[in-house]
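I have placed the structure first, in the form of structure tokens, so that the comments after it can refer back to it.
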Number of protein chains: 2
Amino acid sequence: MEFQIDQILKKNKLSLTEGRKKVLELFLKADYALVHAEIEKALYNIIDRVTVYRTLQSFLKKGLIHLIPTTDNSIKYAFTNQDVRHQQFQENHVHFFCSNCNKTFCLDNVTFPPIKLPDGFKEQFQELIITGTCDNCK
Amino acid sequence: MEFQIDQILKKNKLSLTEGRKKVLELFLKADYALVHAEIEKALYNIIDRVTVYRTLQSFLKKGLIHLIPTTDNSIKYAFTNQDVRHQQFQENHVHFFCSNCNKTFCLDNVTFPPIKLPDGFKEQFQELIITGTCDNCK
DNA sequence: GTAACTGCAAAATATTTGCATCCTT
DNA sequence: AAGGATGCAAATATTTTGCAGTTAC
């Protein structure tokens with residue numbers, strides 16, 4: 001995995017610092033979206049809270065991770081699947097929020113048809129958020 | 001409108017206090033979702049910041065307003081259309097986020113077909129967030 | 001009259017910024 | 001060597017809590 005991590009950072013023109021490697025490792029190991037607090041906690045006394053904020057910003061800017069809409073005043077970040085990156089990322093995207101374990105998953109393989117909008121509204125992209133119970137919690 | 005405000009509060013078993021009337025009035029006048037900061041600002045030196053927090057909580061609990069997922073670490077509250085309340089509220093719901101004016105609208109009349117999920121995932125409800133430019137900003 | 005609501009103060013959290021130092025390239 | 005990244009401290013911003021006083025019914 002270390003090799004993969006370095007590759008991803010290089011490909012995105014991000015310098016290979018310890019903090020970035022650690023944060024990226026967390027995203028690769030998790031199959032669900034992360035919030036700042038989880039990352040901060042996981043890397044407690046390894047990298048600083050502020051560095052986590054800045055690392056997330058730089059990952060976001062590169063498109064390495066993306067934001068997932070939430071209703072709970074948190075920001076959820078999900079690793080952007082490198083394969084779908086140029087295909088679906090800017091288009092329709094499906095996320096699943098498990099109301100039991102509170103985890104959010106990207107459903108990269110699920111698609112949905114575009115929806116017709118009222119006059120005057122012009123769409124850029126659509127994202128679907130499905131709430132329910134996930135595979136682990138069923 | 002005053003009559004309407006009182007009616008809505010009564011119907012929802014909420015006492016008719018000045019603060020609640022003012023907050024509800026804002027929701028009725030706006031055709032888009034509000035965030036705490038907007039409400040606080042609009043009612044500056046009329047009702048306290050803390051009361052706004054508590055009023056939003058009580059409206060939420062009654063279903064008078066509902067949450068809209070956002071990616072920007074804010075909580076957006078939209079007035080729940082009384083007509084669709086028992087029909088669509090717990091089911092599929094469509095919101096439109098205008099990337100120009102940053103306002104979010106409920107599209108009560110737009111519907112979409114349910115999406116098939118991978119095995120193990122069980123859905124409760126789905127909500128679609130469409131980003132683009134709204135009627136006012138076109 | 002009583003329970004619920006409100007305002008104020010303060011505590012607790014969360015996020016951002018500045019700056020000196022360290023690390024990657 | 002140089003620019004960018006980091007840690008620490010501190011400034012801001014946001015949200016929650018406690019409590020005494022007030023209001024709705």
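All chains are named by letter (A, B, ...) in the order of the sequence lines, taking the proteins before the strands, and each is independently numbered beginning at 1. Below, each value reflects all heavy atoms present in this structure, side chains not excepted, and no hydrogens, waters or symmetry copies.
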Hey, does [Y] have a side-chain heavy atom less than 4.5 Å from the side chain of [X]?
X	Y	value
A:Ile47	A:Glu18	no
A:Lys122	B:Lys138	no
A:Asn102	A:Phe97	yes
A:Ile115	B:Val94	no
A:Asn81	A:Cys106	no
A:Leu14	A:Ser58	yes
B:Lys103	B:Cys134	no

Worksheet item: Is the A:His36 ring parallel, tilted or perpendicular to the A:Tyr53 ring (thresholds 30°, 60°)?
Response: parallel

Practice prompt. Just say parallel, tilted or perpendicular for the rings of B:His93 and B:His66, cut-offs at 30° and 60°.
Written response: perpendicular

Fill in: Start and end of chain B contact along DNA chain D [non-hydrogen atoms, under 4.0 Å]
D:dT14 to D:dC25

Item to complete: Quickly work out the A:His36 NE2 to C:dT15 P distance and round it to whole Å.
Response: 7 Å

Response to the item:
Between CD of A:Glu40 and P of C:dT15 the distance, given in whole Å, is 9 Å

Sort me out a list of protein N/O and nucleotides 17-25 of chain C N/O pairs below 3.5 Å, or just none if empty.
unit_1: C:dT25; atom_1: OP1; unit_2: A:Leu16; atom_2: N; d: 3.1

Discussion item. Applying a 4.0 Å non-hydrogen cut-off, can you work out what B:Ile75 is touching in the nucleic acid: base, sugar-phosphate, or nothing?
Written reply: nothing

Discussion item. Heavy atoms only, 4.0 Å cut-off, all strands: where does B:Arg49 land among base, sugar-phosphate and nothing?
Written reply: base

Worksheet item: Hey, which of these two, B:Lys13 or B:Asn73, hits DNA chain C nearer its 5' end, going by closest nucleotide?
Response: B:Lys13

Discussion item. I'd like to know if the side chain of B:Thr70 and the backbone of B:Ser74 have a donor-acceptor N/O pair within less than 3.5 Å.
Written reply: yes

Worksheet entry | B:Thr80 side-chain N/O to B:Gly63 backbone N/O, donor-acceptor pair under 3.5 Å | yes

Fill in: Helical stems, DNA chain D - three or more consecutive Watson-Crick or G-U wobble pairs below 3.5 Å
C:1-25 with D:1-25

